[in-house]
Amino acid sequence: MPEITKSYEPREVERKWYAAWLASGAFAGRPARGRQGYSIVMPPPNVTGVLTMGHVLNNTIQDILVRRARLEGYSTVWIPGLDHAGIATQTVVERELRKQKKTRHDLGREAFLERVWAWRKEKGGVILEQLRRLGASCDWDRTQFTMDPEYSSAVLGVFADLFNKGRIYRGKRMVNWCPASLTALSDEEVIMKPVNGTLYKVRYEVVDSPGQFIQVATTRPETIPGDVALAVHPDDPRYAGLVGRKVWRPLVRTEIPVVADKAVDPAFGSGALKITPAHDKVDYEVGLRHGLPVVEVLEADGTMNLLAGPGLARMERFAARKKAAELLKASGALVGEEAYQNNVGYSERADVPIEPRLTWQWWLRYPKVEEAKAVVQSGQIRFHPERWAKVYLHWLENIQDWCISRQLWWGHRIPVWYRKGVDRDSLTEADLRDPQKVHVSAAGPSDPEDWVQEDDVLDTWASSWLWPLTTLGWPDAARMKEAGFDYFYPTSTLVTGPDIIFFWVARMIMAGLELSRPGEGVDRRLPFRDVFFTGIIRDAQGRKMSKSLGNSPDPLDLMDRYGADGLRFGIVSIAPQGQDIRFQEDRIEQGKNFCNKLWNACRFRQMSGPAGDNGSPHAIMSRIDAAKFDADDHAILDRLLFATREVDRYFAQFEFSAAAQALYSFFWNDFCDWYVEVSKAKLQAEETKATCLAIQDLVLRQTLLLLHPFIPFITEELWSLLGYDGGRASIMDGTLDNASRCATDLGILGAKPDQALAATVERMKSFISQARALKAENGQAGRRDSGFVLIAPDRDWQVVESNMAKLARMAGASQIVRAEKAAGPAVVTAFGTLHLDTSGTADPATERARLAKELEAISRHIASSKARLANEAFVSKAPAHVLEGARRQMAELSAKQAELTRLLAGLG
RNA sequence: GGACCCUUAGCUCAGUUGGUUAGAGCGUUUCCUUGACAUGGAAAAGGUCGCUGGUUCGAGUCCAGUAGGGUCCACCA
């Protein structure tokens, strides 16, 4: 067996094992008869993406779930992939083109798409390579891309299916238009931002009553040339006589009517509203109700057109706003302006204000909305933390049809063909469903020369909503069989961020319910059973991490410096369920330090004695002689079972950081700080050595299994170095038993931890702690040969005596002797009064102060204890165990108080 | 306007159905290179749990209110 080095060097270990895992096919997900399946689909990162801390957290958690399930005996699969990310990717390639002073139109659709594919091949998807570095145990052979031929065919097939079901239609409506990307966006892709602007007060002169004006307020004076009316509330007495009359539009001067509409809030401003149906959603609806014309004054790219009048035409919209204000001022129509903050919708991707714009688009009436609500309400799909269910349900309650078409080239081109010569914009709903005029299918028409295909592509989310289905081969029967659809669907757990509940989670649920297994029970059609929402990672100041702020650390750099395991352990341990995470690099360092601690504890084991048969837990147990157990042996096994049970529970509750911390504290405090230290004395004695080593092996073996999901590389390396593989290749072939199974196994061996004996270890720990403190206060902290005198009753002395070697070593004492009385600095311990031999060097004043301080604390505690016990209500109402505990504590405190008083008196 | 979250040690955070003296990591102070580990060990200082009231024998924990910070949804020009 190779010797374990002094410090852990992750780099080579990580590289070696990841290659070995890939070579052995350890991550391959295969249906296995007689075993339960466990499946996760990775939220596909954008093909343009690079690894961020968010990805690290998200994918580490998925890996933890999959690796744990694997150790628990499930047949697991974790399916990775990439999202083609329509706008994001197209933007990247267009930016490259712009450097060559070209636009996509210079290339044409086909050449441009070739260009995008070339980019994808050359630079896309680096993130998947980066995830390998992190240790992600994905089944890479199953990697999917949303533009793969099979995937595309599924997407188009679903479009045709939903079209045939009447759920998809084409309609001219107000949409969120992005003047930078030149496409429609869904409501979810619009971010409302408060913007400091100006509220302009403009007066419109009444045509038949010169000198009389109606004043309106607007933030967008450049749209005045598109005004087709003014509107007032029908019950507003101020304007009662004006409804039906005409006013002069102050820019591109013409007569427009005054209409009455309940959409107007009479309490806001002057109570009159300008109506610009082409450029405002509410105005459009008012226009429809009153049969008003639509006058577009803005082009798709956000510039003014000729209808805006000679003063504004061809200007960019924000410049036009200023110009319009100047023109109004010059004509006297502008009667005031004030600073004003209002909320403006911004394009999520391009970060420019969107324009409401009337265009033809494809829409989806969401399927299975009610069922999607029901499965979450009933708990058939469980959200963790649960509160996100409320957000989800609220969105579904108010759901609007989904605009699924995008005026882009990169994406799934909508599988609709119009018969040549047919004017698509004059098609009625009935025409749309007439196969003579419109063809809809994934394969396309058999006589393509007679048809013209729709130009638009689908919203990216209209492909990724099929992810859990299509990654498992759906809808192709042969591919489903190969991918194990029957076995792995529904998938087990989805791990994602709450920011895409609407974009992705809700839509996947609806898609799964509608498409997966029509006619079967709900629980067969769900895409997943649990959804775990991670927090958002913020910087130390609490800001979101973003490229533009440059406040996001590079995960690859962190892995270089702390190891992938250190990064994984660190990030998980600071990510409590449901809260945003404030990133602090020292926590990653802590992860690295923990790995080093684990490494060195195993090194100590290796140096302490030859390896016995470590091939299986039973082999290790057969080396244990339970008859030779002392309290520490009982205690460490008891703590091991406790930690195992805690981790079991935390996993059931999706509390990964709590699980990591439980393991951290068990391993560092219970095992390293105590058991390893007491082992040093036990290993000196031949009769206890073999059992002690076997217990170490048992604990380390189980600890490695428990930790493997969090820190896979180092646990694999140590598993191999210490020979726990029993001739098998990998820790992944090991079995992680749950706590009750472990307890049973120990019981069979006659090594069931004795709780009472384990409890004496707690007393020994505090005894040692007090002894060390006593030394530190008397300037002996560094000494290994202090002398102690203990005044103890027989029962307690027996405990000390039978653990003497360990206790003396731990206390740094040459000896602890028993006496009837003693002098010198002292402390009242659970085993009696312990005096430190200072050979008269101690300062009585310091000693007196210390004892007095302790006595005061004890007395305060006694007072509150006493008050409680004197309270009749407490005595009669508190449960028995609480009462019992309080009384026992009172007795202990009183004894200690008496002893402290005695010691103080002895000092004079 | 509606919904949700947070406020506990200098910092970042745990604290599970209410129950003995509220914890961790980092930071700080003092000490220690003893044969697993200085990426380490030992000891110590440090908190009226945002505030006010209520329920209870008992509240960091439950309820009501309030202040501050944050997120999402909907938006009136």
Side-chain angles (χ1 to χ4, degrees), chain A residues 4 6-8 192 199 216-220 231 263-265 267-270 272-276 280 282-283 340 342-343 345 385 387-388 390-391 394-395 398 498-499 501-502 536 538 540 542 562 566 573-574 576 578-584 586-587 589-590 592-608 649-650 653 655 657-658 661 664-665 669 672-673 676-677 679-680 768-769 772-777 779-784 809-810 812 857-858 860-861 864-865 868 871-879 881-883 885-890 892-893:
Chain A
I4 298 179
K6 188 167 175 174
S7 70
Y8 175 54
M192 301 305 290
L199 190 64
V216 303
T218 180
T219 54
R220 303 202 59 187
V264 181
D265 176 5
F268 185 90
S270 63
L273 179 63
K274 73 188 214 42
I275 301 300
T276 322
D280 185 278
V282 172
D283 291 8
Y340 188 72
N342 64 335
N343 285 329
R387 64 188 152 87
W388 294 111
K390 211 165 177 175
V391 175
H394 181 254
W395 184 75
N398 299 288
D499 49 331
I501 289 182
F502 313 139
I536 293 168
R538 299 173 178 280
Y562 304 110
S573 68
I574 57 174
Q579 294 303 325
D580 285 356
I581 295 126
R582 206 166 281 218
F583 179 77
Q584 283 192 307
D586 56 14
R587 301 301 294 265
E589 189 177 358
Q590 202 184 314
K592 177 195 174 192
N593 294 350
F594 181 66
C595 290
N596 194 57
K597 190 75 176 174
L598 179 65
W599 184 259
N600 274 288
C602 291
R603 180 165 181 258
F604 174 74
R605 164 62 192 90
Q606 196 187 45
M607 291 165 70
S608 298
R649 197 183 82 228
Y650 287 134
Q653 296 169 351
E655 299 265 17
S657 74
Q661 276 159 14
Y664 181 98
S665 125
N669 303 128
C672 294
D673 288 348
V676 166
E677 291 306 320
S679 291
K680 288 173 182 173
I768 291 300
S769 193
R772 286 165 171 170
L774 192 61
K775 284 174 62 176
E777 280 150 4
Q780 295 190 20
R783 283 176 62 172
R784 307 290 300 156
R809 189 186 176 100
M810 297 287 272
I858 292 273
R860 231 181 305 137
H861 192 183
S864 79
S865 241
R868 191 193 353 244
N871 184 340
E872 207 169 305
F874 172 72
V875 175
S876 62
K877 288 186 181 175
H881 73 276
V882 173
L883 188 56
R887 284 189 171 135
R888 195 174 50 235
Q889 183 198 23
M890 186 65 189
E892 285 164 11
L893 287 170

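The figures that follow rest on heavy atoms only: side chains count, while hydrogens, waters and symmetry mates do not. To find a chain, count down the sequence lines: A is the first, B the second, and so on, and within it residues start at 1.
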Separation of B:U7 P from A:Asp580 CG (nearest whole Å): 13 Å

Give a yes/no answer on whether the side chain of A:Ser769 brings an N or O atom under 4.0 Å of OP1 or OP2 in B:A43. yes

Phosphate contact (B:G25 OP1 or OP2) by A:Arg587 side-chain N/O below 4.0 Å: no

Could you tell me whether a side-chain N or O of A:Lys597 sits under 3.5 Å from a main-chain N or O of A:Cys672, the two making a donor and an acceptor? no

So does A:Arg860 reach the base of B:U21 with its side chain, donor to acceptor, closer than 3.5 Å? no

Rounding to the closest angstrom, what is the interatomic distance between B:C13 and B:U7 at atom P? 9 Å

Does A:Tyr340 have a side-chain nitrogen or oxygen under 4.0 Å from the phosphate oxygens OP1 or OP2 of B:C76? no

Test log, rule side chain to side chain donor-acceptor pair (under 3.5 Å), inputs A:Gln590 and A:Arg587: CA-CA 5 Å; A:Gln590 202 184 314; A:Arg587 301 301 294 265; 3.2 Å; yes

Should the pair A:Tyr8 and A:Trp599 be assigned to parallel (<30°), tilted (30 to 60°) or perpendicular (>60°) ring geometry? tilted

Does A:Asn871 make a side-chain donor-acceptor contact with the base of B:C57, cut-off 3.5 Å? no

Closest heavy-atom contact between A:Ile574 and A:Arg582? CD1-O, 4.2 Å

Provide the distance between the two P atoms, one in B:G27 and one in B:G35, to the nearest whole Å. 25 Å

Please report the distance, rounded to the nearest Å, between CD in A:Glu872 and C1' in B:G58. 16 Å

Taking atom C1' of B:C26 as reference, at what distance in whole Å does atom CD of A:Gln584 sit? 8 Å

Check whether any side-chain N or O of A:Asn596 sits under 3.5 Å from a backbone N or O of A:Lys592 as a donor-acceptor pair, and report yes or no. no

Report yes or no: does A:Arg772 contribute a side-chain atom to a donor-acceptor pair with the main-chain N or O of A:Met810 at less than 3.5 Å? yes

Contact under 4.0 Å: A:Lys390 side-chain N or O vs B:C73 OP1/OP2: no

Using a 4.0 Å heavy-atom cut-off, does A:Pro498 contact any base of the nucleic acid, only the sugar-phosphate backbone, or nothing at all? nothing

OP1, OP2 of B:U21 versus side-chain N and O of A:Arg868: anything below 4.0 Å? yes

Using atom P of each nucleotide, how far apart are B:G1 and B:G47 to the nearest Å? 40 Å

How far, in whole Å, is B:G18 from B:C72 if one measures between their P atoms? 33 Å

Pick the C1' atom in B:A22 and in B:G58, then give their distance to the nearest Å. 15 Å

Base, sugar-phosphate, or nothing for A:Met192, non-hydrogen atoms under 4.0 angstrom? base

At 4.0 Å (heavy atoms only), tell me whether A:Ser7 reaches a base, stays on the sugar-phosphate, or touches nothing. base

Send over the distance from A:Gln780 CD to B:G41 P, rounded to a whole Å. 23 Å

Let me know the distance between CD of A:Gln661 and C1' of B:A14, rounded to the nearest Å. 6 Å

Using both distances under 3.5 Å as the test, list the Watson-Crick or G-U wobble partner of B:G40, or none. B:C32

So does A:Lys6 get a side-chain nitrogen or oxygen closer than 4.0 Å to the phosphate oxygens (OP1/OP2) of B:G40? no

Watson-Crick or G-U counterpart of B:U16, or none if no pair lies under 3.5 Å: none

May I ask you to say what A:Leu893 touches in the nucleic acid, namely base, sugar-phosphate or nothing, with a heavy-atom cut-off under 4.0 Å? base

Taking atom P of B:U33 as reference, at what distance in whole Å does atom CZ of A:Arg784 sit? 11 Å

Contact class for A:Phe502 (heavy atom, under 4.0 Å): base, sugar-phosphate, or nothing? sugar-phosphate

Taking CZ from A:Phe594 and C1' from B:C26, how many angstroms apart are they, rounded to a whole number? 17 Å

Base paired to B:G27 (Watson-Crick or G-U; both N/O distances under 3.5 angstrom): none

Across the strands shown, which category fits A:Cys672 at heavy-atom distances under 4.0 angstrom: base, sugar-phosphate, nothing? base

Measuring from the side chain of A:Gln889 (C-beta onward, heavy atoms only), which nucleotide among B:U39, B:U21, B:C31 has the closest atom? B:U21

Taking the six-membered ring of A:Phe604 as reference, does the cationic atom of A:Lys680 (NZ for Lys, CZ for Arg) lie under 6.0 Å from its centre and within 45° of its axis? yes

Starting at the 5' end of RNA chain B and moving along, which residue's nearest nucleotide shows up first, A:Arg605 or A:His394? A:Arg605

Pairing nucleotide - B:A3, Watson-Crick or G-U, each distance under 3.5 Å: B:U71

Pick base, sugar-phosphate or nothing for A:Ala773, based on heavy-atom distances below 4.0 Å to the nucleic acid. sugar-phosphate

For the pair made of CZ in A:Arg809 and C1' in B:G41, what is the distance, rounded to whole Å? 13 Å

Base, sugar-phosphate or nothing for A:Asp586? Non-hydrogen atoms, less than 4.0 Å. sugar-phosphate

Nearest-nucleotide 5' precedence on RNA chain B, A:Tyr8 against A:Thr218: A:Tyr8

Taking only side-chain nitrogens and oxygens of A:Asn342, does any of them come within less than 4.0 Å of OP1 or OP2 of B:C76? no

P spacing across the pair B:G25 / B:A14, given as an integer number of angstrom: 16 Å

Can you identify which nucleotide, out of B:U71, B:C57, B:A36, has its nearest atom closest to the A:Lys597 side chain? B:A36

Give a yes/no answer on whether the side chain of A:Lys680 brings an N or O atom under 4.0 Å of OP1 or OP2 in B:A36. yes

Looking at CD of A:Gln584 and CD of A:Glu589, how far apart are the two atoms once the value is rounded to the nearest 0.5 Å? 12.0 Å

Across every strand shown, the nucleotide meeting Watson-Crick or G-U wobble geometry with B:A59 (both distances under 3.5 Å) is none

Which whole number of Å gives the distance between the P atom of B:U48 and that of B:U8? 12 Å

Rounded P spacing from B:A24 to B:G46 in Å: 15 Å

Write down the partner of B:A64 under the Watson-Crick or G-U wobble criteria, each distance required to be under 3.5 Å. B:U52

Check whether the side chain of A:Glu677 and the base of B:A36 form a donor-acceptor pair under 3.5 Å. yes

